[in-house]
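Below you'll find the structure, written out as structure tokens, and then a few comments.
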Amino acid sequence: MLGHASSSFRVPAAIVAGAILFGLGGVLPGYLASDFTLKLANEGLLLGLLALSVAFLMSEAGLVALGAASIYGGSGYLFAIAMSEWGMSPGAAIVFAFLAVVAYGAVLGALIVRTNPLAFMMLTLAAGEMIRHVVMLEAVHDYTGGADGLVVSFKGAILGMQAADFANPQHFWPIGWTAVWLIGVTLWSVSRSRLGATLRAVRQNEERMRFSGFNTYVPRVVAYILVNAVAAVSGLLHVLNAGFVSPESLGLGVSTNALVAALMGGTAGSVGPLAGGLIFAFAQDEFGARGATQLLTGAAIVLFIVVFPRGVVGGLVAAVRRVLPGIDRPRGKT
Amino acid sequence: MIALLIANSLALASLLIMLASGLALIYGLRDVINFGHGALYMLGAYLGYTVAKVTGFWLALLIVPILLALVGIVLEFLVLRPLKSRSHIEVALVTLGLGIILGQIIIFIYGGEARSIDAPAILSGSVTVLGLSYPVYRVFLILMGLGSCVSLAVWLRFTSSGLFVRAVSQDPGVARMMGINSDQLSLLVTSLSAAFAGIAGVLAGPYLSIDPGMDIVMIVDCLIIVVIGGTGSIAGAIIAALLFGFVQVAGSVFLPNVAALVPYVLLMIVLLIAPGGIGRGRVLN
């Protein structure tokens, strides 16, 4: 998407087109869309980020993480607790929450990426449920608020923005949009780097890579840490935007929503999962009104894996290629 | 005190054995973990609730497993067989999605509040063994768990279909070359594993509560057990279920504040020592 450019002429063209798209997308919705639509779109962006973290691990390392919510919700809880209980400034609390969650992800990853992909999937589910139980423990009720969750209001500013600014959909949109672009481009470059190539090779045949002298363990741990960092950014932006954290943000529901968003958009590349997040947010608004969000999630998992394994974006790209052969081929000519 | 603790953990482990060994059986044949197993257990519990109201507990214990076996057959023909050529991760995700759908349909029909059924008269009350008074229903649970262990072992050990199941679990390729039809076996194993989930669901009724979250709780517990036991190892799953039941019960007695975390600590310890689990599964090559 971001230019499978092959000639030297098309690289700047892709960058210019990307910059224009980025600029327009950051500014226009603020004028065109209603507050309600923007609010949904903001949620969609953040879900898209979480989906991107799930999708990156799926498409590059062949690992499905069902514990994304524990990172997403956990960073929000730590941010809130660091300010209310330990008196940190908002900026320090964000950095602390981010680092603490990523450190947790590193330890967990070091432990569980050694297992096979199926066991990895089960273990991430178990670890996610563990975090949800920790938050609900009676002993930490004063910190986490138990089932009620926590209201997060901070004094002072982060990067010149007050709590009220983050809660305003119009002001939040450019932040989310920028974060999505930065992370999308970063992950896209990682997948084209040596690390991405190694990950895909390990995914296809771990044994052969090991025999060929590659370290198959460290790249997967690094990838796991990377996607957890993305999930933490998504969680922190979410808590800034929503102004509260609840145990639901740690639940299996959030993890499966992210998975569905990734499958909907298509797990390959950065655009698919992000688009999937937006699609899911608007679909959820439609179905959620009838209390059928979970049903939507379950049905979407089955539908997209069985019938549309490439997702909406992947499917569209394939359809365009079929209609207009010769346009923007990813491989082939050099 | 210790005797009571062991008895309680055996009662819990009985349910877990029925569910986790079903998971391990399907994994052994198809290399797929059925993430919808918790929903099958939940379906068993709610069907048990409805059927027991009409026919009483004993008939429910007979009818519900048969119904669930039919669900297992549907699962085999509509999901596992058509998706045979897809990656195992994808099939596992499909079972996760189907489990969510099934759970939601059950909640849609029965509503969100918890239900309970009473044990039949002969199993209510308590019995005194060696000076200890103990609920009869839990004794019954332990006997059922023991019974299913023994019948599983006899089946796997002494019948030809059991031999074939073991052969496919050990080496699918060679087993197929020897003329074993793994599709037919899979049909048997999937329906059997669903039927066991049904039995566990009915048995859970008078023992635990029947509520909308029961599928998630159970599938997470079972996944932990399957990983601890070594994925695909049935003996490992049984031992892990016993271990799990014990730390769960002991945790709630000695460490009531953090009891919910004890199983996860167990999981982490086992993973640190033996990443492949305690049994001889096929989790790590």
Side-chain angles (χ1 to χ4, degrees), chain A residues 58 62-64 66 107-108 110-141 203 206-207 210 251-253 255-256 259-260 262-263 290-306 309, chain B residues 23 27 31-33 35-36 39 79 82-83 86-105 107-108 213 216-217 219-227 230-232 256-265 267-268 271-272 275-277 281-285:
Chain A
M58 267 174 97
L63 299 171
V64 180
L66 288 177
V107 173
L108 181 67
L111 196 57
I112 66 176
V113 299
R114 287 189 293 175
T115 56
N116 77 357
L118 214 47
F120 177 87
M121 191 167 148
M122 300 192 266
L123 289 167
T124 51
L125 175 61
E129 285 297 293
M130 175 177 77
I131 298 297
R132 197 171 61 82
H133 283 303
V134 169
V135 167
M136 298 294 280
L137 283 183
E138 205 51 47
V140 294
H141 186 275
R203 168 200 148 150
E206 203 245 327
E207 215 168 3
R210 214 168 44 225
L252 184 58
S255 300
T256 50
L259 177 71
V260 169
L263 293 171
R290 290 177 222 127
T293 304
Q294 289 285 314
L295 200 61
L296 164 78
T297 316
I301 293 179
V302 177
L303 181 73
F304 278 92
I305 288 184
V306 176
Chain B
L23 274 181
Y27 180 83
D31 272 2
V32 165
I33 286 291
F35 279 76
V79 182
L83 295 179
R86 304 290 282 271
S87 88
H88 304 141
I89 291 286
E90 286 183 326
V91 183
L93 284 175
V94 169
T95 63
L96 174 75
L98 289 173
I100 294 174
I101 295 174
L102 181 56
Q104 288 300 307
I105 292 174
I107 294 172
F108 181 76
I216 307 280
V217 173
I219 190 68
V220 171
D221 287 357
C222 285
L223 293 180
I224 293 176
I225 288 168
V226 168
V227 172
T231 324
N257 291 324
V258 291
L261 299 184
V262 172
Y264 301 102
V265 176
L267 174 67
M268 295 299 160
L271 274 182
L272 272 176
R282 283 187 288 131
V283 67
L284 276 179
N285 334 334

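So you know, we letter chains A, B, ... as the sequences are listed, proteins then strands, and number each from 1.
- Residue contact with chain A, scored on non-hydrogen atoms closer than 4.5 Å, involves the backbone and the side chain of B/V258 alike.
- The CE atom of B/M268 sits 5.5 Å away from the CG atom of A/L108 when rounded to the nearest 0.5 Å.
- Across B/L267 and A/A126, no two heavy atoms sit closer than the pair CD2-CB, 4.0 Å.
- Note: A/L123 leads A/V64, A/L123, A/L252 in heavy-atom pairs under 4.5 Å with chain B.
- Considering only heavy-atom pairs separated by less than 4.5 Å from chain B, the leading option among A/M136, A/M130, A/E129 is A/M130.
- The structure places CG of A/L295 at 6.5 Å from CD1 of B/I105, a figure rounded to the nearest 0.5 Å.
- Heavy atoms closer than 4.5 Å to chain A are found in the side chain of B/F35, but not in its backbone.
- Contact annotation for B/L83: only side-chain heavy atoms (C-beta onward) come within less than 4.5 Å of a heavy atom of chain A.
- At a 4.5 Å heavy-atom cutoff, A/L303 makes no contact with chain B through either its backbone or its side chain.
- Looking at B/I33 and A/M121, their side chains never come closer than 4.5 Å, going by heavy atoms from C-beta outward.
- Of all the listed residues (B/G97, B/G103, B/P82), the one sharing the greatest number of non-hydrogen pairs under 4.5 Å with chain A is B/G97.
- For B/I216, the part lying under 4.5 angstrom from a heavy atom of chain A is the side chain only.
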(message) For a side-chain contact (heavy atoms from CB on, under 4.5 Å) check, start with the C-alpha distance between A/M122 and B/I219, then their side-chain angles and the critical distance, and finish with the verdict.
(response) CA-CA 10 Å; A/M122 300 192 266; B/I219 190 68; over 6 Å; no
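- Between chain A and the options B/L93, B/L261, B/V32, B/N257, heavy-atom pairs under 4.5 Å are most frequent for B/L93.
- Heavy atoms closer than 4.5 Å to chain A are found nowhere in B/L102, neither backbone nor side chain.
- The contact between B/I224 and chain A is made entirely by side chain atoms (from C-beta outward), counting heavy-atom distances below 4.5 Å.
- For the set A/L118, A/L296, A/L137, the count of heavy-atom pairs under 4.5 angstrom toward chain B peaks at A/L118.
- In this structure the side chain of B/L96 reaches within 4.5 angstrom of the side chain of A/L66, judged on heavy atoms.
- Of the inter-residue distances, the one linking A/T297 atom OG1 with B/I101 atom CD1 reads 9.5 Å to the nearest 0.5 angstrom.
- To the nearest 0.5 Å, atoms NE2 (B/H88) and CG (A/N116) are separated by 10.5 Å.
- Looking at B/V94, both its backbone and its side chain come within 4.5 Å of chain A, counting heavy atoms on both sides.
- Summarising the geometry, atom CD1 belonging to B/I89 is positioned 8.0 Å from atom CE belonging to A/M58; distances are rounded to the nearest 0.5 Å.
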